[in-house]
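Read the structure below first, then the notes.
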2 protein chains.
Amino acid sequence: MIKKVDDSKNKLSLSELIDTTGFVEHVSVDCIIFGFNKNELKVLLLKYHELERWSVPGGFVFKNESLDDAAARTLYERTHLENLFLQQFYTFGDVERTDQNNPHRELLKSRNISVDANHWIYQRFISTAYFALIDFTISHTFPDTFNETCAWFSVDELPKMAFDHDVVIKKGLDFLRKNLDYNIVGSNLLPEKFTMKELQTLYETILDEKFRRNNFQRKILSLNILQRLEKLYTGSANKAPYLYKFLNK
Amino acid sequence: MIKKVDDSKNKLSLSELIDTTGFVEHVSVDCIIFGFNKNELKVLLLKYHELERWSVPGGFVFKNESLDDAAARTLYERTHLENLFLQQFYTFGDVERTDQNNPHRELLKSRNISVDANHWIYQRFISTAYFALIDFTISHTFPDTFNETCAWFSVDELPKMAFDHDVVIKKGLDFLRKNLDYNIVGSNLLPEKFTMKELQTLYETILDEKFRRNNFQRKILSLNILQRLEKLYTGSANKAPYLYKFLNK
DNA sequence: GCAAAAGTGTTTTGTGTACACCCATGA
DNA sequence: TCATGGGTGTACACAAAACACTTTTGC
């Protein structure tokens, strides 16, 4: 049914990927990686070299592996990122969801892997989606000589996406907005030390609304989740802002 | 592998249930049915006659069926309830979740259905959970001569549950509380016409806290989601309360 | 001294809560 | 006319929003 090819330079080869002995068929996990940089909320997307469509990192679930573990594992395998804040937010299970923009066929063909036409890899996936939050400033350490390309995209300027991943991202962003937690979002998307203005811009970006400088500061400080540190002198001709860190970090 | 038995009195026989030709293996849906009656939030649970454990209605997913449709279908098959408000809230995927209190073995044995020991029905299920909200006052129309017993239980006095269904119910209740929508909860859990006091008791029950009569009324009315109807004369020696209905009904 | 940006103080507005009072109902 | 429970009005506390002013920084 499956003709294996030499694909050993990859951490997890595609022929292994579709070998069903260990995987739960028709089930996958997807991870949206959110990062924040200069007024923009970004997502980290992957693209196989030979394809024109981008996708969020994800993969299959082993039969003896929990969904949460599968999310963390596939995230690591495809980005080398570890110990991220990961949270499940929705499971996508429409019948047509993998019909559109399904890159599996061309991907397997271009690699000379022949798979039976009615193999489950061509059928509908029930996909449980997670989102991860990471500090954008350490993101350039990603391995970009993987078997795929990775790049950051602004959430409102997504490229051509595989499957229904544009819908997945939209829903993930909705979830992030509705369940906004000052502590979790701030402490995972910002570097360890940050100014009040950076924190404010982060929340303004995610929620897509503006706050008053002074009222925002008062509200955040009243939550008692920040520790005030030294001042940050940038050389500009104005009062130097304090740096802060989250108490739980 | 599977020895069929005559089970034709059931809508969906167990032998069909474990016949894997049409189902996605290792995947299921579960539905928590919430009902409200006299200061108590209840869940509708099912029990096979020969078993000691109760479970929420649920079932398997056809390969050409969406998760949402599967939830609605299994709910109908096992309770004959249709067109309910149904919402997905979480997908449970821990490896040990179906090890504990798994009734499949004894159920199949008692019905003389022999299934291979390593059949997927004995393995871990990835289960997407939904909750439904229904008007308790029409609930007595359920068929109770099904192939199982069904009964209402208070959410804080659950019987011995199959699998991890107690955890599923707890998480569903949490979701309901955190995402409380006055419109959705009220218009699905109450009869068409209701008094302000009934509405208040509903919210007090779900949120497990008390409100002031007058302040609650003001707050609800300010949302402009209710239509005031005629008064309700009960024969008691006090001012008759207005009846209300939701505008979206 | 000046502009720019940060920090803090004060006033106003709005919402939630507590208390009080009046009204309808049937015995 | 009385007890009971429903409806409405008002006062207060607190938080959010709006506005104003002061402080720091480098030129």
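Treat the numbers as computed from the prediction; the structure is a model and nothing was measured.
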Would you kindly give the [atom1]-to-[atom2] distance between [X] and [N], to the nearest whole Å?
{"X": "B:Asn238", "N": "D:dT1", "atom1": "CG", "atom2": "C1'", "result": "16 Å"}
{"X": "B:Glu230", "N": "C:dA24", "atom1": "CD", "atom2": "C1'", "result": "17 Å"}
{"X": "B:Lys197", "N": "D:dG5", "atom1": "NZ", "atom2": "C1'", "result": "8 Å"}
{"X": "A:Lys210", "N": "D:dA18", "atom1": "NZ", "atom2": "C1'", "result": "18 Å"}
{"X": "B:Ile220", "N": "C:dG16", "atom1": "CD1", "atom2": "P", "result": "11 Å"}

*Pair B:Phe36-B:Phe34, ring-ring contact (aromatic ring centres under 6.0 Å, His included): steps then yes or no*: CA-CA 7 Å; B:Phe36 173 67; B:Phe34 286 112; over 10 Å; no
*asked:* I want to check a possible cation-pi pair here: B:Arg228 against B:Tyr244, using under 6.0 Å from ring centre and within 45° of the ring axis as the test.
replied: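 No, B:Arg228 does not sit over the ring of B:Tyr244.
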*Does OP1 or OP2 of D:dA17 have a side-chain N or O of A:Arg212 closer than 4.0 Å?*
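So the side-chain polar atoms of A:Arg212 never come under 4.0 Å of the phosphate oxygens OP1 or OP2 of D:dA17.
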_Spatial distance of atom CG (B:Asn183) from atom CG (B:Leu247) [nearest 0.5 Å]_ =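 Separation between the atoms: 8.5 Å.
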*So, does B:Glu198 use its side chain to make a donor-acceptor pair with the main chain of B:Thr195 at under 3.5 Å?*
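Looks like yes, one N/O pair under 3.5 Å.
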*Any donor-acceptor pair under 3.5 Å linking the side chain of B:Arg124 with the backbone of B:Glu96?*
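The answer is no, because no donor-acceptor pair under 3.5 Å joins these two groups.
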_Let me spell it out: for each of A:Thr234 and A:Lys219, pick the nucleotide of DNA chain D with the closest heavy atom. Which residue's pick is nearer the 5' end?_
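The answer here is A:Lys219.
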*What orientation do A:His165 and A:Phe163 show, parallel under 30°, tilted 30 to 60°, or perpendicular over 60°?*
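Taking A:Phe163 first and then A:His165, their aromatic rings sit tilted (interplane angle of 30° to 60°).
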*Report the residue (A:Ala237 or A:Lys231) whose heavy-atom-nearest nucleotide on DNA chain C is the more 5′ of the two.*
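The residue closer to the strand's 5' end, by nearest nucleotide, is A:Ala237.
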*Nucleic acid footprint by protein, nucleotides 7-15 of chain D - heavy-atom cut-off 4.0 Å, B for base, S for sugar-phosphate alone*: BBBB-----
_Once you apply a heavy-atom cut-off of 4.0 Å, does A:Thr195 come out as touching a base, just sugar-phosphate, or nothing?_
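No contact.
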